[in-house]
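Please read the structure below before turning to the comments.
Numbers restart at 1 for each chain; the letters A, B, ... are given by sequence-line order, proteins then strands. Only heavy atoms go into these numbers, but all of them, side chains included; no hydrogens, no water, no symmetry mates.
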Protein chains: 2
Amino acid sequence: MELRLLRAFRQVATDLNYSRAAEKLFVAQPALSRQIQSLEDAMGVRLFDRDKRTVRLTAAGAYLNEQLGSWFDTLDHLTEQAQRIHNGDLGDLRIGHPGSALYSVLPDALADFSRLYPGVVTSLREVNEVELQEALLQQKIDVGFVRELPQDPRLSSRMVLEEPFSLVLPRNHWLNPSTFTSLAQCHDEPFILPALGKSITYTRQLLSLFATHGYTPKARYESNYGATILRLVEKGLGLAVLPISYQSGTSLNLRFLILPNSTQLYLIWRMNDPNPVVNNFLAVCEQVAADWPVKPPELSTERDRFSTE
Amino acid sequence: MELRLLRAFRQVATDLNYSRAAEKLFVAQPALSRQIQSLEDAMGVRLFDRDKRTVRLTAAGAYLNEQLGSWFDTLDHLTEQAQRIHNGDLGDLRIGHPGSALYSVLPDALADFSRLYPGVVTSLREVNEVELQEALLQQKIDVGFVRELPQDPRLSSRMVLEEPFSLVLPRNHWLNPSTFTSLAQCHDEPFILPALGKSITYTRQLLSLFATHGYTPKARYESNYGATILRLVEKGLGLAVLPISYQSGTSLNLRFLILPNSTQLYLIWRMNDPNPVVNNFLAVCEQVAADWPVKPPELSTERDRFSTE
DNA sequence: TGGATTGATGCCGCCGGGGCATAACCAGTT
DNA sequence: AACTGGTTATGCCCCGGCGGCATCAATCCA
């Protein structure tokens with residue numbers, strides 16, 4: 001049983017005339033005759049009543065003709081859907097991200113992506129930076145945002161965003177845009193630091209900020225969750241150094257002071273992931289990152305000035 | 001796109017190993033490789049991720065694999081159904097019949113038929129004898145019961161039942177089993193006769209009964225519907241001559257007196273009807289007719305004697 | 001009755017699909 | 001490191017199934 005025969009059957013069933021059906025099928029009439037014969041033979045069912053002159057469907061043939069219509073339609077539908085999945089227009093995408101990503105490119109990327117690929121259902125999962133790489137390798141997420149370059153050779157990465165660090169402090173703190181000059185002024189201030197471990201690049205980046213001013217900060221609390229850190233700072237429990245993107249979206253009584261050093265946000269994914277949705281998401285992120293304000297300091301100081309008024 | 005390729009795809013998708021899948025498909029491994037390649041080419045979709053060592057489904061391939069299962073199942077279902085229709089196990093049958101058939105073989109035939117072919121939906125239609133042949137030719141019914149041999153060459157027929165005529169009269173009529181000898185006694189009685197027209201065989205059969213006794217009956221009323229005739233006889237409006245099968249099922253104040261002449265019940269249908277259900281119904285009717293009491297008179301007189309008590 | 005049109009059949013050529021051998025590659029194992 | 005067993009892909013060749021051509025048998029129409 002082959003589709004060739006079923007298609008031939010349908011054409012004959014609609015035309016009820018071998019010669020004309022043969023034309024439309026681009027074969028000669030004898031070939032069509034034999035196709036129908038072999039189909040009837042394969043199914044064990046007589047499909048046409050033909051007496052040298054007229055062709056008409058048998059009851060079984062009529063039934064088959066009706067049913068085959070939708071059957072072929074579903075095949076077409078299947079191939080279409082498969083093509084959509086192949087192109088990444090359809091599918092699933094699980095994104096792991098630290099909380100900080102929600103304040104930078106992630107919302108814009110999500111907006112663009114869902115507009116370009118409305119058939120993709122994306123699920124967000126807030127993952128601690130240290131767990132994210134593991135979750136990726138365990139197939140629990142498909143892409144992730146991290147501030148840490150992955151070491152694992154099974155992962156690929158791309159830098160999405162480079163932004164300055166900022167010193168975060170309560171609004172009523174004695175340091176403010178007019179009095180602030182450098183981090184050296186915070187030598188005696190307590191800090192809230194990430195709990196990532198000293199081996200992580202991000203931690204080392206952070207600590208080197210202080211090292212250039214000749215001291216290591218006093219850590220009063222540790223946390224890897226930005227929202228938590230901001231809350232602690234707001235309550236006056238210490239200062240923090242965070243990427244500037246945390247500033248947007250917080251209407252708290254906080255002040256962000258730009259620091260000269262910067263940090264990176266990376267997008268990471270499994271190398272050669274067969275899911276085409278991943279590539280599409282990467283492309284969208286790249287686009288969004290390219291459109292992102294190239295020199296965040298200007299815009300950030302604008303915002304800072306505005307929030308100071 | 002051919003089913004060959006899709007079947008090959010499914011096998012590879014389940015085994016995730018070309019060599020083993022090729023064995024099960026009874027082809028060599030290179031052939032299978034090319035089948036998958038040409039399928040991917042035809043669909044424009046990469047279905048497997050294969051790197052010389054391992055084979056795994058892409059997202060599109062996984063989707064296709066899931067969906068194709070039920071798709072192939074529906075094809076199997078379609079062929080099965082078509083075969084059932086071909087065998088006449090499934091389908092429709094429209095039976096036309098005069099009222100009298102409901103008192104003879106038809107109920108038994110229906111019972112046997114619906115037991116043997118539970119998938120066939122049969123619809124009954126009570127049709128006047130004169131209209132029945134026309135209804136058959138107009139495709140309004142598929143088989144019919146008549147007491148009249150059809151002349152049309154497009155129709156086939158078979159005798160189902162031969163049974164005696166009977167004289168039908170009210171219970172209180174002066175004629176009864178002990179006084180009745182022959183139809184000659186009814187020379188002056190009014191009769192209710194069929195309105196079929198003189199050219200019809202059945203009418204001529206009926207009239208010849210009287211002709212052998214040297215007279216033509218006085219027709220007071222005419223009707224082609226058995227139930228009507230019986231009602232008129234019951235009310236004393238005249239006598240009637242009907243096939244004996246009308247006796248069963250009537251609990252009226254009627255008496256049936258067997259006559260020496262007999263009439264036939266025929267089954268008619270369109271010659272070479274492609275609907276296999278028709279043939280099956282014909283076979284069942286033949287069987288029922290064969291089992292029918294060969295000499296109805298004995299049984300009928302039994303019944304008559306019983307009803308006389 | 002002869003021409004036209006229908007589907008079926010005999011015959012033959014061809015090319016697409018399959019088999020064989022082999023390549024290229026990879027993961028353990030010795 | 002070299003070997004070994006196993007993976008899929010590729011080159012080459014051959015064969016059988018499928019289609020085309022010519023024809024037949026039957027039917028319809030003029």
Side-chain angles (χ1 to χ4, degrees), chain A residues 1-58 60-62 64-65 137 152-154 270-272 274, chain B residues 1-58 60-62 64-65 153-154 270-272 274:
Chain A
M1 166 87 62
E2 281 302 327
L3 285 191
R4 219 179 73 258
L5 305 180
L6 293 175
R7 289 189 225 274
F9 164 74
R10 291 200 68 204
Q11 193 61 55
V12 175
T14 56
D15 288 348
L16 291 179
N17 179 312
Y18 275 60
S19 309
R20 257 161 293 171
E23 284 180 28
K24 296 179 189 171
L25 292 167
F26 301 104
V27 294
Q29 170 266 319
L32 187 53
S33 262
R34 278 187 275 251
Q35 284 181 356
I36 300 297
Q37 285 170 8
S38 66
L39 178 62
E40 289 181 331
D41 197 40
M43 294 187 61
V45 173
R46 223 182 56 251
L47 298 170
F48 293 106
D49 249 307
R50 43 197 188 281
D51 55 348
K52 297 280 188 188
R53 189 71 194 158
T54 54
V55 176
R56 57 176 176 168
L57 284 162
T58 63
L64 198 67
N65 187 35
L137 289 172
D152 196 295
R154 293 168 292 178
R270 284 183 296 276
M271 190 181 298
N272 298 328
Chain B
M1 165 89 60
E2 282 301 329
L3 285 191
R4 220 178 75 258
L5 306 181
L6 293 175
R7 289 190 225 274
F9 164 72
R10 290 200 69 205
Q11 193 62 56
V12 176
T14 57
D15 288 349
L16 291 178
N17 179 312
Y18 276 59
S19 308
R20 256 162 291 172
E23 285 181 29
K24 296 180 189 170
L25 292 167
F26 302 104
V27 294
Q29 170 266 318
L32 187 53
S33 260
R34 278 187 276 250
Q35 284 182 358
I36 299 298
Q37 285 170 7
S38 66
L39 178 62
E40 289 181 331
D41 198 40
M43 293 187 63
V45 172
R46 225 185 50 252
L47 298 170
F48 293 105
D49 247 307
R50 41 199 191 279
D51 55 347
K52 298 280 188 186
R53 186 74 195 154
T54 54
V55 176
R56 57 176 177 168
L57 285 162
T58 63
L64 198 68
N65 187 35
R154 292 168 293 177
R270 284 184 297 278
M271 190 181 298
N272 298 328

Quiz prompt | Which residues share a side-chain hydrogen bond (donor to acceptor under 3.5 Å, both in side chains) with B:Ser19, sequence neighbours left out | solution = none

Practice problem: Using salt bridge (charged side-chain N to carboxylate O under 4.0 Å, His left out) as the criterion, list what pairs up with B:Asp41, not counting sequence neighbours. | Solution: none

Ignoring hydrogens and angles, write down the donor-acceptor pairs under 3.5 Å from the side chains of residues 30-39 of chain B, residues two or more places apart or on other chains.
{"residue": "B:Ser33", "atom": "OG", "partner": "B:Gln29", "partner atom": "NE2", "Å": "3.3"}
{"residue": "B:Ser38", "atom": "OG", "partner": "B:Arg34", "partner atom": "O", "Å": "3.3"}
{"residue": "B:Ser38", "atom": "OG", "partner": "B:Gln35", "partner atom": "O", "Å": "3.0"}

Practice problem: Mind jotting down which residue pairs meet the ring pair (Phe, Tyr, Trp, His ring centres under 6.0 Å) criterion with at least one end in residues 33-58 of chain B? Sequence neighbours excluded, please. | Solution: B:Phe9-B:Phe48

Quiz prompt | Value in whole Å for how far the C1' atom of D:dG19 lies from CG of A:Leu5 | solution = 13 Å

Practice problem: Please report, rounded to the nearest Å, how far the C1' atom of D:dG16 is from the CD atom of A:Glu2. | Solution: 15 Å

Quiz item: By side-chain hydrogen bond (donor to acceptor under 3.5 Å, both in side chains), which residues pair with A:Arg154, not counting sequence neighbours?
Solution: A:Asp152

Quiz item: Can you check the A:Leu32 CG to D:dG17 C1' distance for me, whole Å?
Solution: 17 Å

Quiz item: Where does the chain A footprint on DNA chain C start and end, counting 5' to 3' with a 4.0 Å heavy-atom cut-off?
Solution: C:dT5 to C:dC11

Quiz item: Can you list every pair that meets salt bridge (Lys or Arg N to Asp or Glu O under 4.0 Å) and has a residue in residues 14-33 of chain A, with sequence neighbours left out?
Solution: A:Asp15-A:Lys24

Exercise. Using the test salt bridge (charged side-chain N to carboxylate O under 4.0 Å, His left out), find all partners of A:Arg4 that sit at least two apart in sequence or belong to another chain.
Key: none

Quiz item: Is B:Phe48 touching bases, backbone alone, or none of the nucleic acid, heavy atoms closer than 4.0 Å?
Solution: nothing

Quiz item: CZ of A:Arg4 versus P of D:dG17: gap in Å, rounded?
Solution: 12 Å

Quiz item: How many angstroms lie between CG in B:Leu47 and CD in B:Glu40, if you round to the nearest 0.5 Å?
Solution: 4.5 Å

Could you pull out the protein-nucleic contacts involving nucleotides 8-12 of chain D (nitrogen or oxygen on both sides, under 3.5 Å)?
{"residue": "D:dT8", "atom": "OP1", "partner": "B:Tyr18", "partner atom": "N", "Å": "2.5"}
{"residue": "D:dT8", "atom": "OP2", "partner": "B:Tyr18", "partner atom": "N", "Å": "3.4"}
{"residue": "D:dT8", "atom": "OP2", "partner": "B:Ser19", "partner atom": "N", "Å": "3.3"}
{"residue": "D:dT8", "atom": "OP2", "partner": "B:Ser19", "partner atom": "OG", "Å": "3.1"}
{"residue": "D:dA9", "atom": "OP1", "partner": "B:Arg50", "partner atom": "NE", "Å": "2.4"}
{"residue": "D:dA9", "atom": "OP2", "partner": "B:Ser33", "partner atom": "OG", "Å": "2.7"}
{"residue": "D:dA9", "atom": "N7", "partner": "B:Gln29", "partner atom": "NE2", "Å": "2.9"}
{"residue": "D:dA9", "atom": "N6", "partner": "B:Gln29", "partner atom": "OE1", "Å": "3.0"}
{"residue": "D:dT10", "atom": "OP2", "partner": "B:Gln37", "partner atom": "NE2", "Å": "3.4"}
{"residue": "D:dG11", "atom": "O6", "partner": "B:Arg34", "partner atom": "NH2", "Å": "3.1"}

